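Take a look at the structure below.
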Protein chains: 2
Amino acid sequence: MIEALTNKLANYLDLEQEDIQSLRESVQQVEHIEAGQDIIRVDEKPEYVHLIVEGWGCRYKYLEDGKRAIVAYLIPGDVCDIHIAMLDHMDHSVSALTPLKLAYLPREAIERCFRDNHTLARAFFWTSLVEESTMREWFVNATSRPADKRLAHLFCELLMRHWAAKLERRADRFPMPLTQNELADAMGISLVHTNRVLQRLRRDGLVEFEGRTLIVLDWARLKAFADFNPTYLHLQEDKVWAGERSVEALGSSSGR
Amino acid sequence: MIEALTNKLANYLDLEQEDIQSLRESVQQVEHIEAGQDIIRVDEKPEYVHLIVEGWGCRYKYLEDGKRAIVAYLIPGDVCDIHIAMLDHMDHSVSALTPLKLAYLPREAIERCFRDNHTLARAFFWTSLVEESTMREWFVNATSRPADKRLAHLFCELLMRHWAAKLERRADRFPMPLTQNELADAMGISLVHTNRVLQRLRRDGLVEFEGRTLIVLDWARLKAFADFNPTYLHLQEDKVWAGERSVEALGSSSGR
DNA sequence: CGGATTATTGACGCTTTTCAAATGCAGTGG
DNA sequence: CCACTGCATTTGAAAAGCGTCAATAATCCG
């Protein structure tokens, strides 16, 4: 249930069994949500903190002219709204991009944890700082790289985040449930351009689709093309390394 | 010395006199730094947390091709690197844009405060979440708005941040020490385009320069033009309101 | 006053957007 | 099984926004 979260946190610190247990006990209920439904809306202050167990979600804002700007993708192990332990209202909304399995943690359980459990408090603060760091990188990505490198960069990030949460057995792929429209809204480029750029990445042999799974054909070349430096994800090299090594091997041996 | 910081925090919670005192005692030394100098570099783990007392700084990253991407401006009251209380290395650099007066807080003082002083711990977590929220808005700004609105949006934010830290007596202005190059690096547009867009804002009577001070001529119109919604700054309306009201009045009475 | 930044202007080209239409694809009901 | 429907993907052509290059003016500072 919360393995994706604990796997992710393990990249930063060593959780004791009792910390994990205490987290597990905080889960009060589990809900299923349909694609397109909102989990939390801007200006709300929800009573529960939501953890994604299965499926993808996104943080987004609507602009005056009706355009939707996606500011983050959420995958299993991501928490939607710890902000709410500190802030008095959401400054953005969160919705389901696919059907979602969600764990609900009562806000007071989180607040108790901030007071009583130093390890878990640090862990949650850490996820928050990593999100901030990720936003910085998304900003740099959007302002400084052309659309094709931008998209490649996103794929690099998503692959490593799937490694960190140990969501896939094979290191060269991850599920890609997004439509090109949903990709476009997160890259800040038009749907038409997204389509063309995506074709280019495929034509150049960097990535490939197998149904709704994205396969990285050449990790080294994709990273280089995107100017991807994973520092900002704050993962500990030695803990993610196994995955990375196997995919490096895979990338060079598969040729192409 | 730390008034700008405490003023800013007061927008979120009520600090007791003893909390302020405990913060004040954490300041171990004060340094002056020249414009252009780095305060912290990427990958470092500094022993001190740095607070800006006077002057402007910025967070930035360099790209492969040598371009500098500015990801945040830091003004008095802003803390450069609380990240470091949790993370093991900086994922970006921080440098001085103007001559800077900096307060140094030993890292262990911050860590002690996280353990012992619940109020201050919340306060620091709050600043971190607001920075995250601001990064989201910068991302939306960069990906979804044309260059002129983007620049207008930045000016709106900087004005309100100066209100929040009570840095200016007059509510319609703030110091603008940045060169157009430094503006361009933060907006993700070229220097030439920045120049043209800035001229447009002046020609349209939205802003004006008085030496190195930026004057907002029509706050209501600037906000509307930029599609600026201050929710993301998480300031409490009633505490900033005095400033905002006076500038609304100012904006409409000055005509133009 | 002189050298060095910083601000401004013009011309041209490329990336990306917009509009519009076509094609493919999955689910539904007859 | 097939037509129908709605959504996602793909393609083309023209226009807009913005970047680059290159040169000139203004400003700052010692």
Side-chain angles (χ1 to χ4, degrees), chain A residues 34-36 56 63 65-70 96-99 140-154 175-204 207-214 225-226, chain B residues 34-37 56 58 63 65-70 96-99 141-154 175-204 207-214 225:
Chain A
E34 287 174 36
W56 284 39
L63 299 177
D65 62 3
K67 274 198 300 194
R68 173 183 63 172
I70 292 180
L97 291 171
T98 70
V140 171
N141 202 28
T143 53
S144 310
R145 285 191 263 263
D148 49 1
K149 290 174 189 288
R150 208 186 293 185
L151 188 57
H153 192 281
L154 174 66
M176 203 349 126
L178 306 174
T179 66
Q180 293 183 6
N181 219 325
E182 287 159 348
L183 273 175
D185 284 351
M187 310 289 298
I189 58 182
S190 69
L191 167 61
V192 172
H193 202 54
T194 301
N195 180 277
R196 293 190 166 121
V197 157
L198 195 48
Q199 287 180 50
R200 202 176 306 160
L201 295 187
R202 284 185 293 199
R203 183 161 11 88
D204 292 349
V207 300
E208 183 180 81
F209 279 93
E210 226 177 78
R212 288 252 165 231
T213 298
L214 188 135
F225 178 70
Chain B
E34 287 173 36
Q37 293 296 104
W56 285 40
C58 71
L63 299 178
D65 61 3
K67 274 198 300 192
R68 172 183 62 171
I70 292 181
L97 291 171
T98 69
N141 202 29
T143 53
S144 311
R145 284 190 264 262
D148 49 0
K149 291 175 190 287
R150 207 186 291 185
L151 188 57
H153 193 281
L154 174 66
M176 198 0 125
L178 306 174
T179 66
Q180 292 183 5
N181 219 325
E182 287 158 348
L183 273 176
D185 284 351
M187 309 290 297
I189 58 182
S190 70
L191 167 60
V192 173
H193 202 56
T194 302
N195 180 277
R196 294 190 164 121
V197 157
L198 195 48
Q199 287 180 50
R200 201 177 307 162
L201 295 187
R202 284 185 293 200
R203 182 159 14 86
D204 293 348
V207 300
E208 184 181 80
F209 279 95
E210 227 176 77
R212 287 252 166 229
T213 299
L214 187 136
F225 178 69

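The shown structure was predicted, so the numbers you read here are calculated from the model rather than taken from an experiment.
Taking 4.0 Å as the cutoff to heavy atoms of chain A, we find the contact window on DNA chain C bounded by C:dT16 to C:dC19.
When side chains are defined from C-beta on, A:Arg202 counts as touching A:Val207, because their heavy atoms get closer than 4.5 Å. Side-chain atoms of A:Leu151 and A:Ile189, non-hydrogen and from C-beta on, never get closer than 4.5 Å to each other.
Comparing the axis of the opening five pairs of the helix from C:dC1-D:dG30 to C:dG30-D:dC1 with that of the closing five pairs yields an angle of 40°, rounded to 10°.
Rounding to whole angstrom units, CE of residue B:Met187 and P of D:dG19 are separated by 11 Å. Between the CZ atom of B:Arg145 and the C1' atom of D:dC18 there is a distance of 18 Å, rounded to whole Å. Separating the CZ atom of B:Phe209 from the C1' atom of D:dT27 is a distance of 15 Å, rounded to the nearest angstrom.
Applying the side chain to side chain contact (heavy atoms under 4.5 Å, CB included) criterion to B:Ala184, with sequence neighbours excluded, gives B:Thr194. Not counting sequence neighbours, the partners of A:Pro177 by the side chain to side chain contact (heavy atoms under 4.5 Å, CB included) test are A:Trp56, A:Thr98.
When every heavy atom of A:Glu34 is checked against every heavy atom of A:Ala96, the shortest pair comes out as O-CB, 3.5 Å. Residues B:Leu97 and B:Ala35 approach most closely at O-CB, 3.7 Å, considering heavy atoms.
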Subject >> Audit row: A:Leu183, A:Met176, side-chain contact (heavy atoms from CB on, under 4.5 Å) steps and yes/no >> reply: CA-CA 10 Å; A:Leu183 273 175; A:Met176 203 349 126; 4.2 Å; yes
Subject >> Check against side-chain contact (heavy atoms from CB on, under 4.5 Å), B:Asp204 and B:Asp148 >> reply: CA-CA 11 Å; B:Asp204 293 348; B:Asp148 49 0; over 6 Å; no
Original post:
Is there a side-chain contact (heavy atoms from CB on, under 4.5 Å) between B:Val197 and B:Arg150 once you walk through the steps?
Top reply: CA-CA 10 Å; B:Val197 157; B:Arg150 207 186 291 185; over 6 Å; no
**OP:** Take nucleotides 6-16 of chain D nucleotide by nucleotide from the 5' end and write B, S or -, depending on whether a protein heavy atom sits under 4.0 Å from the base, only from the sugar-phosphate, or from neither.
**Re:** --SSBBBB---
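Within the nucleic acid shown, B:Gly211 has no heavy atom closer than 4.0 Å to any nucleic acid atom.
The stretch residues 179-196 of chain B participates, sequence neighbours left out, in these salt bridge (Lys or Arg N to Asp or Glu O under 4.0 Å) pairs: B:Arg68-B:Asp185.
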